[in-house]
Amino acid sequence: MPEVEINDLGLVGEVRDTPIYMLPPEAFNIALTMGVRNGGLERLLGWEQVFGTPGVAPHFAMPIRTASATFWLYVSLTKAYGYDGTTHTDITRTVGGDYTASTTEQWNGTLLGGIPLVNNGIDVPQVWLTISLATPLTALANWPATLRAKVIRAFGPYLVAIGVSKSGTALPHLVKWSHAADPGTVPTTWDETDATADAGETDLPDVHSGALVEMLPLGNTMYLFKENSTWKMKYIGGRFIFDFGQSAWLPTTGILAARCVTITNDGTRQVWATQDDILWHDGNRVKSILDQRQKARLFNEIDTTNYGTSFMFDNPPQSEIYFCYPGPGKTQPDRALLLKYGQGDNWVVTSVDGITFRNGVSGQIQTPSSELWSDGTDTWDDDTGPWSQIERRKVILCAPASTKFLKLDNGPHRDGLDFAGTLQRLGLAVLGKKRNGEWIVDFNRWKQIDGIWPKVTGGQITIRMGSQRLVDGPVTWNPTVLYTPSSDIVAYPGPVSGRAVAIEMSGASGWRVDGYKMDVLDLGSF
């Protein structure tokens, strides 16, 4: 009985809604809560609570690194708090009362020369001029009283605002920027009529492309995303200060919603969700991450009313990006696509369920050392232990529904709950390989499979196999069998026979698969 060995499972990942006869044997129809790790597929780690109990339900957070410590500034819909690794303290403005945001996606933030700024488009932007838990946020100085902006970002020494309204009049195509700020200060003016200052504004003329929604710098260029176009903003100095070009950089491609753009961990590419695709660019090349069928499946799943709650963030330690979105009938994201990069232009896509958070941001986590001063016996010169413990570039998740901060890729559970990782492949009709390495796939011949040799490490999993009489026909599944990697070599979920077979592996403990081998008996044509 010939052996068929399928390896390199991390090359393709999950491909749904593509005819199974077009899939390579390494692909899966379902790769749920599985991530690509060193060429194989692993069940993802979970997320667990960090930072103790927040003072308010966190909707947005940003880390601020000072010379001596890491602080986290976070906001609910109405309050602002600071966290220094030990204490949560209310730093809401003392003048103006509580903030008046109504949704998570209204909040955004930026750092201007080390000064944190948070903004919700309704209240005057707030800055933390002295980064101390004893100092509350204050209104951004020199900000015009009747001006509001949905998004504010730092761009060098400038602040840039979009989604602008003046005296209640919306200006959806206007880009407005401040005068350049000196280090450690905020801009002195936003007055575009002041000939002695660099402050200015301009309307992007393609009104048919919808409103400005989001912006994010990459290198020395600010990328401005409308609903259906993308513009470049470059500093040129002189009379005009910034150059926007004669027309949009991408005249028919915009962004799905605010927060749906991020940057890869090496800082060389932006990734964003459009109205019908997920793309990346490096300032020159623009490429799609999804194939045509994946696009159709994704955008058929996104709730057509609440798509604006979607968001995207980078997970730097794993070189992967989460695109979180609400499924049909959901108001908040409950699922995600996981986009693995770092393999040239090839991106591997898997999926994640059970999303319960509404924001994600990477930063340093600093916590005090657990050693008590009274327990120490070393002299100052001999003591090599840390005063604090720092974890770098970790992703913190904001979960306002449970009033928690969660750390991604931490532990085997999701806030104490078990979850499974599942791989499923339907329509597998492989008989072997040719001498040149090409797969022999034949949907006309009947095949029988009894045992499977999984290259699995980690916890116990279940395996089941099924058969299909027709290429796209229903699957008749056999009962599952348990497979324990530490003691088992072969699993026998068969025998199954058909023109194609199906395989499923699932487990709620940490496990990894690099490949599998099967004895395939060719029973001929029927």
Open item on the list: Between Lys295 and Asp277, is the salt bridge (charged side-chain N to carboxylate O under 4.0 Å, His left out) condition met? List the steps.
Closed with: CA-CA 6 Å; Lys295 295 176 196 176; Asp277 203 351; 3.3 Å; yes

- [ ] Could you walk me through whether Asp194 and Thr189 pass side-chain hydrogen bond (donor to acceptor under 3.5 Å, both in side chains), step by step?
- [x] CA-CA 9 Å; Asp194 186 348; Thr189 182; 4.8 Å; no

Task: Separation of Thr304 OG1 from Ile302 CD1 (nearest 0.5 Å) - done: 10.5 Å

TODO: Could you verify whether a donor N or O on one side chain and an acceptor N or O on the other, from Asn142 and Thr188, lie under 3.5 Å apart?
DONE: no

Task: Euclidean distance, His179 NE2 relative to Thr196 OG1, rounded to 0.5 Å - done: 7.5 Å

- [ ] Scan side-chain atoms only and decide if Tyr341 and Asp266 contain a donor-acceptor pair under the 3.5 Å cut-off.
- [x] no

- [ ] Verify the neighbour count for atom NZ of Lys330: are there more than 12 heavy atoms of other residues, nucleotides or ligands below 6.0 Å?
- [x] no

TODO: Nearest 0.5 Å please: distance from the NZ atom of Lys232 over to the CG atom of Leu224.
DONE: 12.0 Å

Open item on the list: Under the criterion salt bridge (charged side-chain N to carboxylate O under 4.0 Å, His left out), I'd like the reasoning laid out for Glu214 against Arg153: C-alpha separation, chi angles, the key distance, then a yes or no.
Closed with: CA-CA 10 Å; Glu214 183 59 281; Arg153 302 279 186 218; 3.0 Å; yes

Task: Passing option when Trp177 is tested against Tyr158, Trp190, Phe242, Phe240 for ring-ring contact (aromatic ring centres under 6.0 Å, His included) - done: Phe242

TODO: Check whether any side-chain heavy atom of Leu129 lies under 4.5 Å from a side-chain heavy atom of Ile115, and answer yes or no.
DONE: yes

Task: Modelled atom types, side-chain donor and acceptor of Thr268 and Asp282, under 3.5 Å - done: no

TODO: Over all heavy atoms of both residues, which pair between Asp206 and Ala248 is shortest? Give the atoms and the distance, please.
DONE: OD2-CB, 4.2 Å

Task: Within-4.5 Å side-chain heavy-atom neighbours: Thr350 and Lys340 - done: no

- [ ] Evaluate the side-chain proximity of Ile289 to Leu337: yes if any heavy-atom separation is below 4.5 Å, no if none is.
- [x] no

TODO: Supply the atom-to-atom distance Lys404 NZ to Ile396 CD1, rounded to the nearest 0.5 angstrom.
DONE: 14.0 Å

Task: side chain to side chain contact (heavy atoms under 4.5 Å, CB included) partners of Asp353, counting only residues at least two apart - done: Leu32, Thr33, Arg414

Open item on the list: What's the separation between atom CG in Asp98 and atom NZ in Lys79, rounded to the nearest 0.5 Å?
Closed with: 4.0 Å

TODO: Output the distance between atom CG (Asn315) and atom NZ (Lys394), rounded to the nearest 0.5 Å.
DONE: 8.5 Å

Open item on the list: Counting neighbours of CZ on Phe419 that are heavy atoms of other residues, nucleotides or ligands and sit closer than 6.0 Å, is the number greater than 12?
Closed with: yes

- [ ] Determine the sole option in Tyr81, Trp72, Tyr74 for which the ring-ring contact (aromatic ring centres under 6.0 Å, His included) test with Phe51 is passed.
- [x] Trp72

Task: For Arg285 against Asp345, the heavy-atom pair lying closest together - done: NH1-OD2, 3.1 Å

Task: NZ/Lys166: more than 12 non-hydrogen atoms of other groups inside 6.0 Å - done: yes

- [ ] Would you check if Gln424 and Phe28 make a side-chain contact, meaning some heavy-atom pair closer than 4.5 Å?
- [x] no

- [ ] Measure from NZ or CZ of Arg259 to the centre of the six-membered ring of Phe313 and say whether it is under 6.0 Å with the direction within 45° of the ring axis.
- [x] no

Task: Carboxylate-amine/guanidinium contact Glu320 Arg37, below 4.0 Å - done: yes

Open item on the list: Using side-chain heavy atoms (C-beta onward) and a distance below 4.5 Å, is Leu408 in contact with Tyr322?
Closed with: yes

Task: Smallest separation among heavy atoms of Phe225 and Leu216, with atom names - done: CE1-N, 4.5 Å

Task: Partner of Tyr223 under ring-ring contact (aromatic ring centres under 6.0 Å, His included), chosen from Trp231, Trp272, Trp249, Phe244 - done: Trp249

